[in-house]
Amino acid sequence: LTLIGLSIFIYLKLPLNLGLDLKGGVRLVLEVRQVPNVSIDTDTISGIIRVIEQRINGLGVAEPVIQPKGLKQIIVELPGVKDPDRAINLIGKTAQLDFIKAEWAPENVLSLTKKQQDLLLGKNAKLASMTLSDNSTQALVLKGLVLSGNDLEFVGPGTDQYGKPVVQIRFKNKAAKTFYDVTKSWQGKPLAIRLDDTIISAPNINAAIGGGEAIIQGNFSISEMRDLVIQLKAGALPAPVDIVSNTIVGPTQIGRAHV
């Protein structure tokens with residue numbers, strides 16, 4: 001009887017492992033999107049799971065569940081998440097970062113028809129736009145990919161001289177040499193920084209930048225800056241995913257008693 005009582009006492013003293021059913025949180029079903037040149041196989045799914053795990057670690061979620069379902073889906077359960085929208089945005093983005101040589105496009109080019117744009121810029125011109133701090137739109141012509149997020153050695157949070165949130169980056173050795181060469185030859189023109197399909201910044205290059213260090217500015221809030229750091233540290237998803245199911249689960253009565 002003594003041993004039984006002691007066992008029960010120890011069991012009750014141990015911390016209860018609160019899963020999604022007890023603690024509440026978010027349950028997502030992700031489906032890998034088929035894109036050209038990327039095959040959806042077990043290696044692709046495993047790569048996506050690794051990236052998602054690193055992103056969730058950055059959020060500080062305890063006891064997440066991440067597991068494959070069938071050939072193209074992944075189940076993600078995040079117990080106790082206080083900001084579901086932030087978690088969903090952080091997990092679902094591909095987070096492909098690109099550095100692209102660019103030129104500023106003529107004013108009002110975005111209001112032209114596609115035929116008029118082709119006559120002005122050429123048929124093969126790649127036109128993009130960026131939202132400025134005053135919410136106006138500036139068009140750019142993308143000239144060529146220079147570097148990507150895979151070339152980064154370091155990513156961290158920071159602030160600029162005005163105290164605004166920025167992302168600090170440092171390129172790997174070979175990429176740092178490329179960055180220097182580009183900033184030397186492309187002076188007076190913008191270097192567009194694209195995250196997935198959005199141009200988040202396009203600073204004009206005023207001088208060659210050695211050492212491979214730079215900052216990414218994008219009118220970020222502190223939360224947006226922190227999330228971008230998490231995404232870039234974890235790397236881009238090997239293939240894009242779509243969130244096909246999103247369920248917010250409330251804690252059970254037992255779970256509420258232990259939270």
For residues 118-129, run the donor-acceptor check on the side chains, cut-off 3.5 Å, and write out each pair with its distance to 0.1 Å, sequence neighbours left out.
from   : atom 1 : to     : atom 2 : distance (Å)
Asp118 : OD1    : Lys114 : NZ     : 2.8
Asp118 : OD2    : Lys114 : NZ     : 3.1

For residues 105-113, run the donor-acceptor check on the side chains, cut-off 3.5 Å, and write out each pair with its distance to 0.1 Å, sequence neighbours left out.
from   : atom 1 : to     : atom 2 : distance (Å)
Ser111 : OG     : Asn108 : O      : 2.6
Thr113 : OG1    : Gln116 : N      : 3.2
Thr113 : OG1    : Gln116 : OE1    : 3.3

Which atom pairs, donor and acceptor, lie under 3.5 Å between side-chain atoms of residues 242-250 and protein residues at least two apart or in another chain?
from   : atom 1 : to    : atom 2 : distance (Å)
Asp242 : OD1    : Arg33 : NE     : 3.3
Asp242 : OD1    : Arg33 : NH2    : 2.9
Asp242 : OD2    : Arg33 : NE     : 3.2

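Counting only residues at least two apart or on different chains, the salt bridge (Lys or Arg N to Asp or Glu O under 4.0 Å) pairs with a member in residues 180-192 are Glu103-Lys189, Lys177-Asp181. Listed by first then second residue, pairs satisfying ring pair (Phe, Tyr, Trp, His ring centres under 6.0 Å) with a partner in residues 171-202 read Phe99-Phe171, Phe171-Phe179, not counting sequence neighbours. Pairs passing the ring pair (Phe, Tyr, Trp, His ring centres under 6.0 Å) check and including a residue from residues 34-61, sequence neighbours excluded, do not occur.
No side-chain heavy atom of Thr159 sits less than 4.5 Å from a side-chain heavy atom of Lys164. Residues Val166 and Ile216 have side chains not in contact (no heavy-atom distance under 4.5 Å, counting atoms from C-beta outward). In this structure, the side chains of Pro68 and Gln73 stay at 4.5 Å or more apart for every pair of heavy atoms. Side-chain contact between Ile91 and Leu30: present, with at least one pair of heavy atoms (C-beta onward) separated by less than 4.5 Å. Inter-residue side-chain proximity for Ile40 and Gln34 is flagged as met; some heavy-atom pair is nearer than 4.5 Å. Within the 4.5 Å cutoff, the side chain of Glu213 has no heavy atoms near those of the Gln168 side chain.
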Audit row: Ile56, Ile66, side chain to side chain contact (heavy atoms under 4.5 Å, CB included) steps and yes/no: CA-CA 10 Å; Ile56 291 172; Ile66 310 166; 3.5 Å; yes
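The two atoms that bring Ala87 and Val81 nearest to each other are CB-CG1, 4.1 Å, heavy atoms only. Residues Val51 and Gly235 come closest through the heavy atom pair CG1-O, 3.4 Å.
A distance of 14.5 Å separates CZ of Arg226 from CD of Gln231, quoted to the nearest 0.5 Å. A distance of 7.0 Å separates CD1 of Ile169 from CG of Leu97, quoted to the nearest 0.5 Å.
A search for salt bridge (Lys or Arg N to Asp or Glu O under 4.0 Å) contacts involving Arg194 returns Asp98, not counting sequence neighbours. Partners of Asp151 by salt bridge (Lys or Arg N to Asp or Glu O under 4.0 Å), not counting sequence neighbours: none found. Taking the salt bridge (Lys or Arg N to Asp or Glu O under 4.0 Å) definition, one finds that Glu224 meets it with nothing, sequence neighbours left out. With sequence neighbours excluded, no residue forms a salt bridge (Lys or Arg N to Asp or Glu O under 4.0 Å) with Asp41. Not counting sequence neighbours, Glu53 has no partner by the side-chain hydrogen bond (donor to acceptor under 3.5 Å, both in side chains) test.
Remark: Arg27 engages Glu77 in a salt bridge, criterion side-chain N to carboxylate O under 4.0 Å.
Within the hydrophobic cluster formed by Ile, Leu, Val, Met, Phe, Trp and Tyr side chains joined at under 4.5 Å, directly or through other members, Ile100 is accompanied by Trp104, Met130, Leu132, Leu140, Leu142, Leu145, Ile199.
A donor-acceptor pair shorter than 3.5 Å cannot be found between the side chains of Asp196 and Thr198.
For Asn37, the CG atom counts as loosely surrounded, since its 6.0 Å shell holds 12 or fewer non-hydrogen atoms of other residues, nucleotides or ligands.
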